[in-house]
Structure formats: C-alpha cells, structure tokens
J.: 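Before I ask anything, let me first share the structure, which is written out below as structure tokens.
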Amino acid sequence: MSNHIHIAGSPARGIVLLSDDGAVRSLGQVAPTPVWLECSQVAGFVRGEAAFACLLGGAHYTTVAHGTAIRYLSSLGQPQARWKDVASPPAGTGIAGLAGGPQEGYLLLGADGRSLYRLAGMTDGRSAGSGWKPCAAPPFGDKATLIAGDWQHGMLALGDGAAGKLVNDGTGDTWTALPAPPLAIDMVTGNFEDGFLAYGEGQLCMLSTGAQPSWSRLSMPSFDVRALSGNPAHGLAAVLADSSGDGTLVAYALRPGREAWSLALAPQARRR
C-alpha cells in the first residue's frame, strides 16, 4: 500500500494525492469505486522530505514543494507529462508552507515562520515578475504557522491563536486581522470565496468569510487525519491513517459537519 502524505483539491472538483515516494495520482470525482489516474512522478523527490501540495479547485494544476524545489504539473492523469520548475526560494529560505498556483502566483512561508514571499503568476512557463518578493509581516506578533488561499481572493495566515488576511492589489500588501481560531490548528484548507476548513486537537472547524468572518466548530468522526483539502462549498477530503500508521485511506464529506463521511478506495501502490 502507498503511504499518502498530502492531498489537494476537493471532492466536487477533483482530488490529487502525493505519496511519500513522490508518486502522484488524480481523481476526477469521488465515487464508490473511484478511478485514480497515474500522473508523472515528481522529479527529484526524496522519500521523507517535507512536501506541500496545492491544487486550486477547478484548475488542472498541482504544485509540489520538496526540499528547496517547487514544481508544478498542468496535465494531470498523463504519466508522461513533464513537471515545470518554479523559481527557487530566496537563498537560505526553507519552505514551511506554500499557497496559490502557477496562474495567479504563489505565497511562500519561510521556515522561520516570519518570512513571507510572493511570486507572480506564470506566463509561458516563466514568472511574470522578477522572482520572489518579500511580503509585509502578518498583523500578529507571533510566527505564522500555516497559510492557505489564493491571490485572487486573498491569502490566510494563521499563528498561535491569531489569524489574518493578506491582499495585494498590485500596489502593496494589506493585512486585515481576523477572529482567532477556536483550536490549535494543525491543518487548514480553502479560500476566501468558499470559506476555510481547519483541523486541530482532533476537531474540525470552519471559517466563514462573509462580511463578518467567524469560526464555528463542525462535527467529525474520530479520525486519525494525516492531511486534508477542500472547502465548505465543494466538500472536504482527508487522508486517514490505517492501523499501521500509514496514510492509506481516503475519506470525504461533500457537506462537512452536515452530512456523513464516506470512504473512497485509495489507489494502490504503483507497480514496478
């Protein structure tokens, strides 16, 4: 069985899985007997490296960061498709988080939790800008631990008991403080158009992103969650650990907190 370490996308718009050996598989839609498609292996991936995968809902791209390399794939389900390199982070910057996508650009969270960098969107395989540019620090004094979102609707940054929204209109960065999450958050996924879902302390919560942003807790079975992706509008998918501790199971809820979870058959290990 493959040990899946990251998941991207949503049940309604397609899912991508990244395994600890660099294998990538995509699923167009969830079903009792899903059909997973093999994607091209992540080039240069080293087993055990920290990796962050992001896929914007409805866009046929997935991005993987591993070590100090960032690459994206625009042809999912095609084993011979080639990964394209994204500009390397500034020298000496480790990657603690990545959000966005190749079309509208990325936000990178440095390993120190205090450095944020923006990269403009890609044109003909190249960034429209001139490399990674520093972003203004979040409105909370502590380190940022997680980021999510996109540049079209805004980026979310979470810290220890704090949250903020980052917008860049082309003239500069603007931060807006948001209500503090009700839990110590380990994972967050979503965007400012559809809302965010976050997991921590064995519980699930939602950030509604209307005129008055607010957090609310959602019911969820007692899962051993290893990774999750999605949003309140298009459902939530999660990688779950089996009895051995490996992430071999995939579960999803089309209306998290309001409908039961279902188990999708995860792809088997790649044949060699």
Side-chain angles (χ1 to χ4, degrees), residues 6 8-10 52-59 61-65 70 72 86-87 89-90 93-122 127-129 131-181 185-200 205-211 213-215 228-234:
H6 287 287
S10 67
F52 302 87
C54 55
L55 175 72
L56 298 181
Y61 294 89
T62 191
T63 302
V64 174
I70 304 172
Y72 75 94
V86 176
T93 302
I95 303 172
L98 188 70
Q103 291 181 318
E104 87 281 1
Y106 295 98
L107 177 68
L108 184 148
L109 173 63
D112 61 1
R114 302 184 187 280
S115 303
L116 288 167
Y117 298 92
R118 182 187 183 192
L119 182 70
M122 310 292 284
S127 173
W132 294 92
K133 300 295 185 182
C135 292
F140 43 86
D142 204 355
K143 296 180 180 179
T145 55
L146 296 167
I147 56 174
D150 57 64
W151 284 116
Q152 181 179 357
H153 304 101
M155 294 289 189
L156 173 71
L158 298 180
D160 185 10
K165 178 181 181 179
L166 172 63
V167 174
N168 186 296
D169 61 3
T171 62
D173 298 330
T174 301
W175 280 99
T176 303
L178 298 173
I185 303 300
D186 298 321
M187 310 170 197
V188 65
T189 176
N191 57 67
F192 276 100
E193 180 180 30
D194 302 311
F196 292 90
L197 295 164
Y199 178 82
C205 61
M206 177 176 69
L207 174 61
S208 300
T209 55
S214 62
W215 292 91
L228 82 169
S229 182
N231 57 66
H234 301 110

J.: In Å, rounded to the nearest 0.5 Å, how long is the span from CG of L107 to CG of L98?
T.: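 The CG atom of L107 sits 8.0 Å away from the CG atom of L98.
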J.: Which atom pair, heavy atoms only, marks the closest approach of A211 to P213?
T.: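 Minimum heavy-atom contact is O-CD, 3.5 Å.
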J.: Do W132 side-chain atoms and A87 backbone N/O form a donor-acceptor pair below 3.5 Å?
T.: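 Indeed, once roles are kept as given, a pair shorter than 3.5 Å links the two residues.
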J.: Using side-chain contact (heavy atoms from CB on, under 4.5 Å) as the criterion, list what pairs up with T189, not counting sequence neighbours.
T.: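 Applying side-chain contact (heavy atoms from CB on, under 4.5 Å) to T189 gives L197, L228, S229, L236.
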J.: Which residues pass the side-chain hydrogen bond (donor to acceptor under 3.5 Å, both in side chains) test with D160, sequence neighbours left out?
T.: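 D160 satisfies side-chain hydrogen bond (donor to acceptor under 3.5 Å, both in side chains) with no residue once adjacent residues are dropped.
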J.: At what distance, to the nearest 0.5 angstrom, does NE2 of H234 lie from CD of E193?
T.: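 Going from the NE2 atom of H234 to the CD atom of E193 covers 7.5 Å.
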J.: Do you know which two heavy atoms are closest between G164 and F140, and how far apart they sit?
T.: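 That closest heavy-atom pairing would be N-CE2, 3.9 Å.
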J.: Return the minimal non-hydrogen interatomic distance between A99 and I147, and the atom names on each side.
T.: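 Closest heavy-atom pair between A99 and I147: N-CD1, 4.0 Å.
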J.: To the nearest 0.5 Å, how far apart are OG1 in T209 and CG in N191?
T.: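 T209 OG1 to N191 CG: 7.5 Å, rounded to 0.5 Å.
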J.: Supply the atom-to-atom distance Y199 OH to M187 CE, rounded to the nearest 0.5 angstrom.
T.: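 Answer for the OH-CE pair, Y199 versus M187, is 6.5 Å.
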J.: When rounded to the nearest 0.5 angstrom, what is the spacing between OG1 in T62 and NE2 in H6?
T.: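 Going from the OG1 atom of T62 to the NE2 atom of H6 covers 11.0 Å.
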J.: Applying the side-chain contact (heavy atoms from CB on, under 4.5 Å) criterion to V86, which one of L108, V64, I70 satisfies it?
T.: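 So, applying the side-chain contact (heavy atoms from CB on, under 4.5 Å) to V86 and each of L108, V64, I70, only I70 qualifies.
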J.: Drop me the distance from L109's CG to M155's CE, to the nearest 0.5 angstrom.
T.: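 With rounding to 0.5 Å, CG (L109) is 11.5 Å from CE (M155).
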J.: side-chain hydrogen bond (donor to acceptor under 3.5 Å, both in side chains) with N168: which residues, sequence neighbours excluded?
T.: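 Expected list: R118, D173.
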J.: Restricting to side-chain hydrogen bond (donor to acceptor under 3.5 Å, both in side chains), what partner residues turn up for S115, sequence neighbours left out?
T.: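 By the side-chain hydrogen bond (donor to acceptor under 3.5 Å, both in side chains) rule, S115 matches D112.
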J.: State which residues pass side-chain contact (heavy atoms from CB on, under 4.5 Å) with Q152; sequence neighbours excluded, sorted by chain then number.
T.: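 Once residues adjacent in sequence are excluded, the partners of Q152 under the side-chain contact (heavy atoms from CB on, under 4.5 Å) criterion are D150.
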J.: Less than 4.5 Å apart, any side-chain heavy atom of L178 and any of L156?
T.: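 They are in contact (side-chain heavy atoms under 4.5 Å apart), so the answer is yes.
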J.: Using the test side-chain contact (heavy atoms from CB on, under 4.5 Å), find all partners of S214 that sit at least two apart in sequence or belong to another chain.
T.: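 So S214 forms a side-chain contact (heavy atoms from CB on, under 4.5 Å) with S208.
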J.: Testing the basics here: between W175 and P139, what is the closest heavy-atom pair and its distance to 0.1 Å?
T.: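 Heavy-atom minimum between the residues: CE3-CD, 3.3 Å.
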J.: For W151 and C135, which heavy atoms make the closest approach, and how far apart are they?
T.: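 Of all heavy-atom pairs spanning W151 and C135, the closest is CH2-SG, 4.3 Å.
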J.: If the condition is ring-ring contact (aromatic ring centres under 6.0 Å, His included), which residues does F192 pass it with, not counting sequence neighbours?
T.: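 ring-ring contact (aromatic ring centres under 6.0 Å, His included) list for F192, sorted by chain: F196.
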J.: Can you sort out the partners of A180 under side-chain contact (heavy atoms from CB on, under 4.5 Å), two or more places apart, ordered by chain and number?
T.: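 A180 satisfies side-chain contact (heavy atoms from CB on, under 4.5 Å) with no residue once adjacent residues are dropped.
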J.: What closest approach, in Å, do P102 and T63 show between heavy atoms, and which atom pair accounts for it?
T.: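 Looking at all heavy atoms of both residues, the shortest contact is CD-OG1, 3.9 Å.
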